[in-house]
2 protein chains.
Amino acid sequence: MRMTSQREIILKELQDSHQHLSADELYERVKKIMPRISLATVYRNLETLSEAGIIGKLEISGRQKRFDFDIHPHDHIYCLQCHRVDNIDFDRNLVNPAEVASDKGYQITGYRVEFKGICSACRRNQKKREDGDKK
Amino acid sequence: MRMTSQREIILKELQDSHQHLSADELYERVKKIMPRISLATVYRNLETLSEAGIIGKLEISGRQKRFDFDIHPHDHIYCLQCHRVDNIDFDRNLVNPAEVASDKGYQITGYRVEFKGICSACRRNQKKREDGDKK
DNA sequence: TTACAATTGATAATTATTATTAGAAGGGGT
DNA sequence: ACCCCTTCTAATAATAATTATCAATTGTAA
Ligand SMILES: [Mn+2]
Ligand SMILES: [Mn+2]
Ligand SMILES: [Zn+2]
Ligand SMILES: [Zn+2]
């Protein structure tokens, strides 16, 4: 794998963001630095980079894929309202795949714990709207 | 919500299947009983039924939605190869959302544990192929 | 019955993603 | 520096899953 300038910028933007960006969000950011880049290049490189284990790919249920600068195993929570995704501090030792393995004859290779809820920003907005209604 | 004949058949087919069917799989089955039904009707009713809490909606990461005749809270495992989805016997008491709640100011409303692996059928096929290669 | 809202089938539109392809670039070996 | 080969890119087409639109139909209740 060559480290092309496109690839480098995509990687750097994702890492600097410290967020879980989707391909098109990243595209918007990268375009500011390299205006002629193609969306397909962003998709292609995110795929390549995640296959190489340099970044993580997050497949949150029923939503757009997001990419993670942080590759160590951890879990996530997403906001039902604004769809942002955050890391969550969940003790993965609580889950023992081996215990559950026999169940249906599956050979288990991994698992994800995915929390959902309303993020603090969205809750603030909600409260603001409710207060407005009362007046 | 009216219980139309379309809705009734869709519901019955899902429940009788005892599987986690996708909209188009269900469409194929329902067509055999009601050949003029539209795919959009299947999608529409699966949405309506799951909103009403009569069936479950399964949003497995990065894949097609699947619907569940069984609405009590439980978790799933899917096969990386053939994409089938099965229930898994995981003790949900092990996870305590309240414990994790404070983390980012989220108000947590639920969570899913999603295992992945290779199902027994796919493992058999894999083994068969390997044995074939040796010869 | 009439009146109205809910629902349907057909189809168009949308969203996210992957495939195709002709051309460009990188990097040895000479 | 030049050639060759492979990898990569931009632009665009294609695909897959789902949702939106809308005119026509149906169910229900006054
Ligand atoms: Mn993360
Ligand atoms: Mn289930
Ligand atoms: Zn939010
Ligand atoms: Zn399988």
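Because the structure is a prediction, the values reported are computed rather than measured. Reminder, nothing fancy here: chain letters follow the sequence lines and each chain counts from 1.
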Arg124(A) meets the side chain to side chain donor-acceptor pair (under 3.5 Å) criterion, sequence neighbours left out, with none
Residues at least two apart in sequence or cross-chain that pass side chain to side chain donor-acceptor pair (under 3.5 Å) with Gln15(B), listed by chain then number, are none
Residues passing the ring-ring contact (aromatic ring centres under 6.0 Å, His included) test with His20(A), sequence neighbours excluded, are His76(A)
Between its two end axes (five pairs each) the helix from dT1(C)-dA30(D) to dT30(C)-dA1(D) turns, nearest 10 degrees, through 20°
Sorted by chain and residue number, the side chain to side chain donor-acceptor pair (under 3.5 Å) partners of His18(A) (sequence neighbours excluded) come out as none
Residues 27-43 of chain B vs side-chain hydrogen bond (donor to acceptor under 3.5 Å, both in side chains), sequence neighbours excluded, gives none
Quick one: which protein N/O atoms are closer than 3.5 Å to N/O atoms of nucleotides 19-24 of chain C? Pair and distance per line, please.
none

Sorted by number, residues from residues 3-28 of chain B placing a heavy atom under 4.0 Å from DNA chain C are Thr4(B), Gln6(B), Arg7(B)
Under a 4.0 Å heavy-atom criterion, DNA chain D is touched by chain A from dT6(D) to dT12(D)
Across all chains, not counting sequence neighbours, the side chain to side chain donor-acceptor pair (under 3.5 Å) partners of Arg63(A) are His83(A)
Applying salt bridge (Lys or Arg N to Asp or Glu O under 4.0 Å) to Arg84(B) and not counting sequence neighbours gives Asp86(B)
Apart from Ile71(B) itself, members of its ILVMFWY cluster (side-chain separation under 4.5 Å) are none
